[in-house]
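Heavy atoms only: backbone and side chains are in, while hydrogens, waters and symmetry mates are out. Sequence lines set the chain letters: A, B, ... in the order given, protein chains first and strands last, and positions in each chain run from 1.
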Amino acid sequence: MSVLSLQSVSLAFPADRDSRETRLVLDGVTLHLASDEFIAVIGRSGSGKTSLLNLAAGFLKPTSGRVSVDGADITGPAADRAVVFQDDALYPWLNARDNVAFPLKLRGIAKGERRLRADELLAKVGLENAGSKNIWELSGGMRQRVGIARALASEPRFLLLDEPLGALDALTRTRLQQFLLKVWSESKTGALLITHSIEEAMLLATRVVVLAPNPGRIIADIPASFGRQLLGGKSLQDIKDSPEYRRLHDGLTGLIHADSEEEAA
Amino acid sequence: MTINIGSIAPVAPAAPAVTEAQRPKRSPGTLPVSLATIIAIIAAWSLASAYGLVSPLFLPSPLIVLKAIYSVAVNGFVDSTLAQHTLASLLRIFAALAAALVIGIPAGLAIGTSRIGKGILDPIVEFLRPLPPLAYLPLIIIWIGIGEASKITVIALAMLPPIILSTAAGVKSAPADFINAARSFGATRLQILVQVILPSAIPSILTGTRIALGAGWSTLVAAELVAASRGLGFMIQSAAQFLVTDIVIAGIIVIAVIAFLFEILARLLERWFVPWAAHR
């Protein structure tokens with residue numbers, strides 16, 4: 001069991017160019033992600049959700065505080081924390097298979113073996129026939145599945161998901177949510193999902209973390225079990241109709257909404 | 001439901017089935033107008049020669065120019081046939097292009113990826129870029145003589161700035177997510193450079209190569225002015241000295257046709273090498 005930890009992490013950006021003043025983006029955020037957990041982070045725009053993920057990935061360094069994996073401070077991005085991006089970030093000069101095989105190529109794995117493992121992963125995400133397709137021939141949902149397969153190819157301990165479903169249409173999004181849940185439950189990696197959608201957070205995560213803006217800070221960290229129910233075979237409609245689902249949904253909506261009223265006042 | 005309104009747009013199918021009847025009619029574009037312009041110019045040229053408006057010494061008729069092209073192709077001019085002149089010029093252009101690519105792409109990568117690289121190379125490129133090749137041609141001849149090397153060097157120097165600058169621009173256009181993705185899979189700096197940044201820059205490098213070929217042709221004629229015994233530029237220069245205007249115009253037309261073919265070749269290469277550039 002591995003743990004990705006952010007301890008009292010703060011992040012400040014220069015307020016504008018040529019200025020010495022700084023703007024606090026995240027203030028004293030502490031979050032521990034175990035490799036069997038699925039944490040969803042929700043919050044309004046400007047609450048520092050994506051900065052939180054960029055810190056965990058190692059793309060950004062905290063202004064103060066520590067980011068560590070199993071107690072060792074991270075020094076930057078590494079293969080144990082693979083990222084899936086909102087704009088898929090697939091390489092258009094590679095076909096779907098070679099995109100999935102890209103992390104394996106970086107590790108110097110031989111071509112035949114790369115191909116084999118990439119095809120396995122493509123099959124796992126339901127794209128066994130799309131290996132030699134060009135990226136621009138794939139729909140948005142298929143692209144994100146390739147992106148997830150590529151991240152899994154690097155055999156990470158943690159999957160960092162930066163609103164991967166944010167740009168998809170509603171139907172595809174619902175399908176991919178359940179797909180993501182299944183992939184996570186089979187892969188034994190920790191997942192950190194950044195999302196705008198309360199529903200998505202509740203249905204996928206084992207813990208829902210709410211960030212409030214200005215500066216970004218954690219105002220709630222609530223366990224959720226709807227994903228497990230969904231995996232256990234309970235229907236999406238039954239889950240959404242259950243009183244506990246509604247209670248949590250109202251609670252989370254209230255938390256985010258209350259915060260925006262406070263700001264409007 | 002908390003799905004935002006903006007995300008409910010339907011996803012376009014991967015391969016939209018459009019029947020022939022549904023396909024929007026392609027507009028004829030500028031091609032008919034361009035063809036008419038060319039025909040008009042040639043007609044005006046023929047009329048001017050036929051009615052003796054311009055002395056044949058200055059402007060021989062299109063027919064005479066065609067005959068000149070045929071005569072140079074078969075009998076040659078100043079000891080070489082048209083094919084030999086053309087081959088000599090093409091070899092210089094391609095040797096210079098190879099040298100410019102081998103030096104220019106790494107230099108452009110250095111400018112685009114490293115502060116120190118940019119600091120070192122920027123002043124050199126900015127010094128070279130606005131200089132007309134004719135200005136430094138005499139110096140190159142003093143340094144490396146009047147042989148083939150000096151001609152290729154001058155053409156390569158003229159080709160370098162567009163290749164360096166387009167490579168550097170291509171590097172900067174590599175999306176941050178492409179680089180971050182590779183980093184999160186544990187890529188080293190060299191792996192990112194070779195496997196992410198360089199492929200991202202290829203469309204821009206190809207555009208730079210097209211511009212460089214244009215610069216190369218203009219420099220070629222100048223470079224062949226000096227002590228060449230073959231080449232299209234040399235052919236034009238020798239013909240001009242003897243006032244053989246039909247061969248001068250023939251040479252110009254051959255260069256124009258080759259440059260046009262290069263342009264088509266470059267576009268085909270683009271479509272073949274980087275089909276994805278059209279989908280970015």
Side-chain angles (χ1 to χ4, degrees), chain A residues 42 54 57-59 76-94 102-107 130 133-142 147 150-151 153-154 156 160 162 165-174 195-202 249 252-253, chain B residues 1-18 105 109 167 170-171 173-207 269-280:
Chain A
I42 55 174
N54 286 338
F59 298 148
D80 63 341
R81 285 160 279 127
V83 180
V84 179
F85 297 84
Q86 174 164 13
D87 297 325
D88 66 58
L90 297 175
Y91 302 125
W93 53 87
L94 301 177
F102 183 78
L104 306 172
K105 191 178 178 194
L106 294 178
R107 271 190 278 154
K133 283 239 166 74
N134 288 312
I135 294 310
W136 64 85
E137 295 174 303
L138 304 176
S139 68
M142 290 162 95
R150 179 176 70 171
S154 97
L160 307 179
D162 188 4
L165 312 182
L168 302 177
D169 67 283
L171 280 177
T172 311
R173 185 166 187 162
T174 308
T195 179
H196 265 105
S197 159
I198 295 176
E199 190 181 77
E200 185 168 292
M202 287 173 60
H249 195 288
L252 290 171
T253 311
Chain B
M1 293 287 275
T2 51
I3 295 165
N4 58 38
I5 304 297
S7 68
I8 307 187
V11 172
V18 181
I105 292 175
L109 289 177
T167 306
V171 167
S173 73
D177 277 357
F178 281 13
I179 295 163
N180 277 341
R183 291 170 74 203
S184 93
F185 305 138
T188 63
R189 279 179 62 109
L190 184 67
Q191 284 176 322
I192 289 173
L193 184 69
V194 175
Q195 298 189 37
V196 180
I197 293 178
L198 186 60
S200 300
I202 284 178
S204 179
I205 293 174
L206 281 176
T207 306
L269 280 179
E270 217 157 87
R271 215 170 296 168
W272 188 55
F273 262 133
V274 286
W276 48 269
H279 298 271
R280 256 225 289 226

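Pairs of residues two or more places apart, or lying in two chains, never qualify as salt bridge (charged side-chain N to carboxylate O under 4.0 Å, His left out) while including a residue from residues 174-190 of chain B.
Residue A/Leu90 touches chain B through its backbone alone, counting heavy-atom pairs closer than 4.5 Å. Within the 4.5 angstrom heavy-atom criterion, no atom of A/Ala57 approaches chain B.
A/Tyr91 and B/Val196 make their closest contact through OH-CG2, 3.7 Å (heavy atoms, listed as atom of the first residue, atom of the second, distance). What you find for A/Leu106 and B/Gln195 is that their closest heavy atoms are CD2-OE1, 4.1 Å. B/Phe185 approaches A/Ala151 most closely through the heavy-atom pair CE2-CA, 3.8 Å.
Among residues two or more places apart in sequence or in another chain, the salt bridge (Lys or Arg N to Asp or Glu O under 4.0 Å) test is passed with A/Asp88 by A/Arg143.
Of all the listed residues (B/Pro199, B/Ala187, B/Ala176), the one sharing the greatest number of non-hydrogen pairs under 4.5 Å with chain A is B/Pro199. With chain A as the partner, the residue from B/Ser184, B/Ala182, B/Gly186 showing the most heavy-atom pairs under 4.5 Å is B/Ser184.
Outside the 6.0 Å centre-distance limit, the rings of A/Trp93 and B/Phe273 are not counted as a close aromatic pair.
No side-chain heavy atom of B/Pro175 sits less than 4.5 Å from a side-chain heavy atom of A/Phe85.
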